[in-house]
S.K.: 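I'd like to ask some things about the structure below.
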Amino acid sequence: MLDNLLLGFDALMTPMALFAVTIGVIGGVVIGSLPGLTSTMGVALLIPLTFSMPPEAGLAMLGGIYLASTYSGSISAIILNIPGTPAAVATLLDGHPMSKRGETTRALALATFGSSIGGLLSVIALLLLAPPLAEFSLKFGSPEYFLLAVFGITVIASLSAGAMSKGLIAGAMGLLLSTIGSHPLTGELRFTFGQPSLYDGIPMVVSLIGLYSIPEVISMMSGKTTLVAQTGISGDRGPFSYLGEVLRRKFNILRSSLIGIIVGIIPGVGCSVGGFLSYDAAKRAAHNKEEFGNGAPDGVIASETANNAVTGGTLIPLLTLGIPGNPVTAVLLGGLMIHGLRPGADLFTLNAGITYGFMLSLLLANILFVPVGLIFARYCAKVITVPREILAPCILAFAVIGSYSIRGSVEDILIMLAVGIIGFGFNFFAVPRAPLVLGLVLGTLAEGELARSLALVSGNVPAFLMQLVTRPICIVLLILCAFALYQGVVQHRRNSHMLDS
């Protein structure tokens with residue numbers, strides 16, 4: 001192990017590799033902070049640039065883009081209430097309220113340091129625990145994946161504790177929207193109305209752009225802007241003064257990192273789910289549950305720590321088994337093969353220098369995006385001083401460009417606007433938007449795994465139900481689902497009682 005680390009360190013400590021990881025981090029910060037430009041797009045666009053590079057330098061650049069773009073989605077989420085990437089959806093629940101009350105620098109610093117620590121811990125897990133953790137992920141079959149998705153959906157109860165009925169309606173709408181498109185097994189088209197743009201369902205990034213950007217634009221143009229007053233930033237402390245605040249929340253950091261790593265090693269789940277599950281866990285453990293959703297620092301730290309901890313977790317099954325955990329790692333798998341590297345035992349023996357150099361470059365990237373991100377965010381924060389008559393059209397333009405850039409489809413712009421109108425309706429009637437996002441993200445996963453589970457037992461529903469109560473991991477997940485629902489109902493009753501009194 002030590003010899004391999006030394007080989008990796010030698011591979012990383014070359015001018016080309018160090019330059020590549022720096023460029024990757026800078027590019028990732030810019031890409032992630034712009035709504036519509038995803039981590040997957042950034043990695044895919046820059047793979048051709050790595051053709052002429054040594055493998056360790058090319059992989060270092062791609063890893064830097066992946067980690068930095070996952071973090072930097074929080075910048076626009078906090079400042080503009082628009083998640084730059086799907087991973088930052090949970091962050092805006094408390095990050096933007098903190099910005100609205102003049103704590104923009106604090107929120108950005110908490111997100112940055114939390115992301116860095118979560119990413120560092122996940123890379124350490126990747127270095128030390130890759131083979132056993134990858135083997136554990138193989139124990140998940142379709143029933144386990146289905147219940148994992150259901151467990152994620154139960155978080156809706158916690159996110160809606162202040163308005164349970166409205167939250168459940170939003171979650172149900174998200175689940176309904178997730179059924180648009182072709183059936184995951186049979187390919188049968190549902191609710192597409194003959195529109196080819198809907199055959200693959202509603203694009204996640206396009207829907208996020210519409211759901212969070214259009215209501216902001218309408219609010220700004222109607223004079224009900226949600227941006228903080230210009231005077232709210234001037235007295236804010238420097239960002240590095242908040243590092244101690246993050247470190248004092250060590251239990252939140254460790255819990256969120258663990259959740260993120262576990263979610264990461266399970267293929268197909270994603271950073272957004274890790275952020276929501278960690279946010280929910282932090283809310284349950286907090287004494288001040290009523291602050292969550294209104295600018296709780298623990299909420300920002302939990303979600304950002306977890307979604308960056310997912311990044312290291314997703315690389316565990318990729319490097320050991322060749323199983324990509326999400327779309328970004330699927331593109332990274334292509335990057336590995338372009339350089340003649342195949343996942344498996346040989347990657348850690350015959351190509352140990354390149355592999356461990358890549359993993360050490362991830363440690364460096366998680367440290368490097370702190371100063372890069374804070375410098376970039378400092379200038380991004382000045383956006384809130386721009387008059388809304390200028391800012392609103394700019395946001396709308398970015399929303400249109402971002403939606404079109406995903407698939408090069410004009411229809412996606414129309415989908416974005418339609419979802420944006422729904423988001424504005426949610427704002428008008430004070431319906432939370434996060435449950436809709438969660439339902440949309442997890443509905444597809446739940447439906448697909450349910451269909452596969454039933455197919456494996458030839459449609460025998462009793463046999464499927466028997467699997468849910470006899471498989472050990474399923475039993476654990478069922479208990480977690482019941483506990484999450486119970487906690488959500490108890491919190492809702494407590495909030496209702498406080499309002500009545």
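Source: prediction; values computed, not measured.
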S.K.: Donor-acceptor pair, S409 side chain versus E411 backbone, under 3.5 Å?
M.R.: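 Here the side-chain-to-backbone pair exists.
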
S.K.: Could you give the distance from CD (E188) to OG (S182), rounded to the nearest 0.5 Å?
M.R.: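 Spacing of CD (E188) from OG (S182) equals 10.0 Å.
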
S.K.: Answer yes or no: is there a donor N or O on one side and an acceptor on the other, between the side chain of R101 and the main chain of G295, under 3.5 Å?
M.R.: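 Judged by distance alone, yes, a pair lies under 3.5 Å.
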
S.K.: Assess whether side-chain contact (heavy atoms from CB on, under 4.5 Å) is satisfied between E304 and L110, documenting all intermediate values.
M.R.: CA-CA 9 Å; E304 278 302 302; L110 297 182; over 6 Å; no

S.K.: Which heavy-atom pair separates F376 from S33 by the least distance, and what is that distance?
M.R.: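 That closest heavy-atom pairing would be CE2-OG, 3.2 Å.
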
S.K.: Could you go through L332 and L336, starting from their C-alpha distance and side-chain angles, then the distance that decides it, and tell me whether this counts as side-chain contact (heavy atoms from CB on, under 4.5 Å)?
M.R.: CA-CA 6 Å; L332 278 173; L336 285 170; 5.8 Å; no

S.K.: Do side-chain atoms of S72 reach the backbone of V29 as a donor and acceptor pair under 3.5 angstrom?
M.R.: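 Yes: the side chain of S72 pairs with the backbone of V29.
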
S.K.: Using side-chain heavy atoms (C-beta onward) and a distance below 4.5 Å, is V310 in contact with T70?
M.R.: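 No; the side chains remain at least 4.5 Å from each other.
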
S.K.: Is a side-chain donor or acceptor of S116 paired with a backbone partner of N366 at a separation under 3.5 angstrom?
M.R.: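 The answer is yes, because a donor-acceptor pair under 3.5 Å joins these two groups.
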
S.K.: Looking at OH of Y145 and CG of L477, how far apart are the two atoms once the value is rounded to the nearest 0.5 Å?
M.R.: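 The OH atom of Y145 sits 11.5 Å away from the CG atom of L477.
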
S.K.: For residues 195-202, run the donor-acceptor check on the side chains, cut-off 3.5 Å, and write out each pair with its distance to 0.1 Å, sequence neighbours left out.
M.R.:
none

S.K.: Decide side-chain contact (heavy atoms from CB on, under 4.5 Å) for E144 and E449; before the verdict, give the C-alpha distance in whole Å, the side-chain angles of both, and the deciding distance to 0.1 Å.
M.R.: CA-CA 9 Å; E144 285 81 7; E449 299 303 336; over 6 Å; no

S.K.: Return the orientation label for the Y279 and F292 ring planes: parallel under 30°, perpendicular over 60°, tilted otherwise.
M.R.: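 Taking F292 first and then Y279, their aromatic rings stand perpendicular (interplane angle over 60°).
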
S.K.: Return the minimal non-hydrogen interatomic distance between M98 and V300, and the atom names on each side.
M.R.: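 Scanning both residues completely, I find the closest heavy atoms to be SD-CG2, 3.9 Å.
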
S.K.: If you look at every heavy atom in L175 and G439, which pair is closest and at what distance?
M.R.: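 So the two residues come closest at CD2-O, 3.5 Å.
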
S.K.: Among residues at least two apart in sequence or on other chains, which ones pass side chain to side chain contact (heavy atoms under 4.5 Å, CB included) with L454?
M.R.: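 For L454, the residues satisfying side chain to side chain contact (heavy atoms under 4.5 Å, CB included) (neighbours in sequence not counted) are L450, V461, F464.
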
S.K.: Identify, with sequence neighbours excluded, every residue that meets side-chain hydrogen bond (donor to acceptor under 3.5 Å, both in side chains) alongside S122.
M.R.: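 S122 satisfies side-chain hydrogen bond (donor to acceptor under 3.5 Å, both in side chains) with no other residue.
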
S.K.: Can you name the nearest heavy-atom pair linking A125 to I261, along with the distance?
M.R.: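 Taking every non-hydrogen atom into account, CB-CD1, 3.8 Å.
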
S.K.: Consider side-chain contact (heavy atoms from CB on, under 4.5 Å). Of V476, L480, D280, which one does F151 pass it with?
M.R.: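 Exactly one pass, corresponding to L480.
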
S.K.: If we ignore hydrogens and angles and just use 3.5 Å, is the side chain of T305 paired with the main-chain N or O of A302 as donor and acceptor?
M.R.: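 Not at all, since once roles are kept as given, no pair shorter than 3.5 Å links the two residues.
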
S.K.: So, does R190 use its side chain to make a donor-acceptor pair with the main chain of I180 at under 3.5 Å?
M.R.: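 No: the side chain of R190 does not pair with the backbone of I180.
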
S.K.: Determine whether a donor-acceptor pair (N or O, by modelled atom type, separation under 3.5 Å) exists between the side chain of T311 and the backbone of N308.
M.R.: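 Yes: the side chain of T311 pairs with the backbone of N308.
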
S.K.: Considering only heavy atoms from C-beta outward, does the side chain of V263 approach that of I259 to under 4.5 Å?
M.R.: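 Touching, per the 4.5 Å side-chain cut-off.
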
S.K.: Which heavy atom in I209 sits nearest to a heavy atom in M416, and how many Å separate them?
M.R.: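 Taking every non-hydrogen atom into account, CG2-CG, 3.9 Å.
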
S.K.: Considering only heavy atoms from C-beta outward, does the side chain of L417 approach that of I214 to under 4.5 Å?
M.R.: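 Yes - at least one pair of side-chain heavy atoms lies under 4.5 Å apart.
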
S.K.: Say whether, by atom type as modelled, one donor and one acceptor occur between the side chain of N427 and the main chain of P215 under 3.5 angstrom.
M.R.: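 No: the side chain of N427 does not pair with the backbone of P215.
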
S.K.: Tell me, do L478 and V469 make a side-chain contact under 4.5 Å, heavy atoms counted?
M.R.: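 When only atoms from C-beta onward are counted, V469 and L478 do touch, with a gap below 4.5 Å.
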
S.K.: Is the closest side-chain heavy-atom distance between E103 and P297 below 4.5 Å?
M.R.: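 Side chain of E103 against side chain of P297, heavy atoms only: no contact under 4.5 Å found.
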
S.K.: Quick check: closest heavy atoms across T91 and S74, and the distance to 0.1 Å?
M.R.: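 Heavy atoms of T91 and S74 come nearest at CG2-CB, 4.0 Å.
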
S.K.: Say you draw a straight line from CG of L211 to CZ of F424; how long is it, rounded to the nearest 0.5 Å?
M.R.: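 Interatomic distance, L211 CG to F424 CZ, rounded to 0.5 Å: 13.0 Å.
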
S.K.: With the side chain counted from C-beta on, respond yes when M466 and L468 share a heavy-atom pair under 4.5 Å apart, and no when they do not.
M.R.: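 In short, these two side chains do not touch, never coming nearer than 4.5 Å.
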
S.K.: Without swapping roles, check the side chain of S69 against the backbone of Y66 for a donor-acceptor pair under 3.5 Å.
M.R.: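 Indeed, once roles are kept as given, a pair shorter than 3.5 Å links the two residues.
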
S.K.: First locate atom CG of N81, then atom CG of L92, and finally report the distance between them rounded to the nearest 0.5 Å.
M.R.: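 Those atoms lie 5.0 Å apart.
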
S.K.: Side chains of T444 and S178: any donor to acceptor distance under 3.5 Å?
M.R.: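 Per modelled atom types, S178 and T444 side chains form no pair under 3.5 Å.
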
S.K.: Mind checking whether L254 and L121 have side chains closer than 4.5 Å, heavy atoms only?
M.R.: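 Result yes, sub-4.5 Å side-chain heavy-atom pair found.
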
S.K.: What's the separation between atom CG in L277 and atom OG in S256, rounded to the nearest 0.5 Å?
M.R.: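 With rounding to 0.5 Å, CG (L277) is 10.5 Å from OG (S256).
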
S.K.: Between D94 (side chain only) and N294 (backbone N and O only), is there a donor and an acceptor less than 3.5 Å apart?
M.R.: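 Yes, D94 side chain to N294 backbone: donor-acceptor pair under 3.5 Å.
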
S.K.: Compare all side-chain heavy atoms of L456 with those of Q467 and state whether any distance is below 4.5 angstrom.
M.R.: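 No; the side chains remain at least 4.5 Å from each other.
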
S.K.: About how many Å separate CG of N307 and OG of S115, when rounded to the nearest 0.5 Å?
M.R.: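 Answer for the OG-CG pair, S115 versus N307, is 5.5 Å.
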
S.K.: Dump the intermediate steps for side-chain contact (heavy atoms from CB on, under 4.5 Å) on L177 and V419, then the final yes or no.
M.R.: CA-CA 10 Å; L177 291 175; V419 176; 5.7 Å; no

